[in-house]
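What follows is a single structure, written as structure tokens, with notes after it.
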Amino acid sequence: MATLGEALVAGLEAYGIDTVFGIPGVHTVELYRGLAGSSIRHVTPRHEQGAGFMADGYYRATGRVAAAFVITGPGVTNILTPMAQAYADSIPMLVVSSVNRTQNLGMGGDLHEISNQGLIAAQAAAFSHTITHPDQLGTVLARAFAVFHGARPRPVHIQVPLDLFSKEVSLPKTDTRPMIELGDSYIDHVSTVLNDAKAPVVLTGGGAVGASVAELAEIWDAPVIMTTNARGLTSHEHPLSVPASPSLQSVRRLIQASDVVLAIGAEIGRTDYDMYDTGGFDVPGTLVRIDLDPDQLMRGAIADIGIIANAMDVVPRLRSALKPQERGGRDGAAAARAEVWDEIGPKYWSIVGFLDTIRDTLPEAPIVCDSTQAAYAGNLYYAAPSPRKWFNAATGYGALGYGLPAAVGAARGLGAPVVCICGDGGLQFSLAELGTAVEEQLPLILLVWNNQGYGEIKDYMIARQISPVGVDLHTPDFVAIARAYGCEAILMEDLADLPGLLTEAAARKGPSVIEIPEALVLRDL
């Protein structure tokens, strides 16, 4: 027997959780009773929002689920923004919080009390469950990991009343069961449709990561269009690769010219497919969609043929059933890439070139961005070398302050260099997480894209003939702040120095900060 708090930690360990991000408080100390004796690594962020973004970045970089421990009330509301970002991008995380004593719920007057905390958390979770009896623990953990591994992955929130943490309970057993398998007859039907295609295209989203997409595309001779969360499924050198947003007209023309479109793990949501709010995204050919979420097959673009399955399970089966045939895919992909380059224009050419320099200097390092001009340019057209090497919060929920803590989580999970690009405005949302990076001695390279304010919003206002207000910021001395935290830091004075600075930073133990005035990247415009 163990206390519920100890049993919960043991349950996480049994399900393979190896990292928890959390800030201990008087309402969560019973969780820590079992943590010290476990194999789980605890990382202390400087804010609960940081804990959620760290868990998000940890998963995106490694494919492993992390947990976050937060206190009642402000802990839950602080982590709600990262949960919403993860919910929008189908990122799993387990958020465990306390809640006030069972007999006091809804009565008022308690520390950290908020009305119906579980209902608030449920708005950004696959589900939120309040444990009302210790024996529920095993079932609730099994439900959570069923979501993580067998359904559309999203955050799960479990809250435990303070009076139950110390109750004795048996250690929970793990319970994982396979997804329903597709019958051979249905696979035969879908593969017939694919084999009959004359000009096919593959659309990929984050749900395709881990599936053998490149191998399928090579046999099918189909261009692979990758949204933000799918970048790197085909490498930047692959002839079928189209690492560009389907919001661009050149990519849309490729889709519209196809007769069969296979969408794998792709939400087909507006932030990827219609970021300019122009409308006009259309799939005139047969649309085959593979998704874990049956509801999603009827959203964004309605599937002509829907496959409810994990892409990692079904893509190899489809690949084996395809017949190799020349379909002009390489020519179509090359033409689309050339048209995209012309379409994005000189400003984004400079920024994409900057991103390419980072990639070519440190090809194994993921690039994690906040919502900044570098992220917007890269989301339109950046070719990652492999999966999990490019991610940010500029699609979906679109939370500022994501970049640094997400990069901390990624670096913690990988134990290898991670590059983070933050604007000077967004960085100030979560600047304190430099302390976590130093404390953990993480090989994190923070590039501060400094344009003295919210540059993208300022440009947006000017383009609409609105006098800029509230977008020019007093920016601190980031180099001095970084050094005060214990980081190596430098103000870059010449863009040609970037490869050398990145190489030096990657070899260093602990985090490095490189401040980059935006004018250095855009100086030739």
Verdict with reasoning, Leu427 to Leu446, per side-chain contact (heavy atoms from CB on, under 4.5 Å): CA-CA 10 Å; Leu427 177 58; Leu446 173 61; 4.1 Å; yes
Polar side-chain atom of Gln85 near backbone of Ala399 as donor-acceptor pair, under 3.5 Å: yes
Spacing of CZ belonging to Phe21 relative to CE belonging to Met54, to within rounding of 0.5 Å: 7.0 Å
Row check, Tyr59 ring normal vs Arg64 NZ/CZ: under 6.0 Å, within 45°: no
Nearest heavy-atom neighbours spanning Cys422 and Leu404: SG-N, 3.7 Å
Heavy-atom side-chain proximity of Asp272 to Glu267 below 4.5 angstrom: no
Closest non-hydrogen atom pair, Val96 against Leu8: CG1-CD1, 4.0 Å
Parallel, tilted or perpendicular: rings of Phe391 and Tyr402 (30°, 60°): perpendicular
Leu119, CG: over 12 other non-hydrogen atoms inside 6.0 angstrom: yes
SB check Arg152 Asp291 (cutoff 4.0 Å): no
Pi-cation contact, Tyr460 with Arg464 (under 6.0 Å, within 45°): yes
Ring centers of Phe354, Trp449 separated by less than 6.0 Å: yes
Flag if over 12 foreign heavy atoms under 6.0 Å of CZ, Arg330: yes
For Asn195 against Trp220, the heavy-atom pair lying closest together: N-NE1, 4.4 Å
Salt-bridge present (Glu364, Arg359; N to O < 4.0 Å): no
Main-chain N/O of Gly205 paired with Asn229 side-chain donor or acceptor, under 3.5 Å: no
Lys/Arg N to Asp/Glu carboxylate O, Asp274 vs Arg252, below 4.0 Å: yes
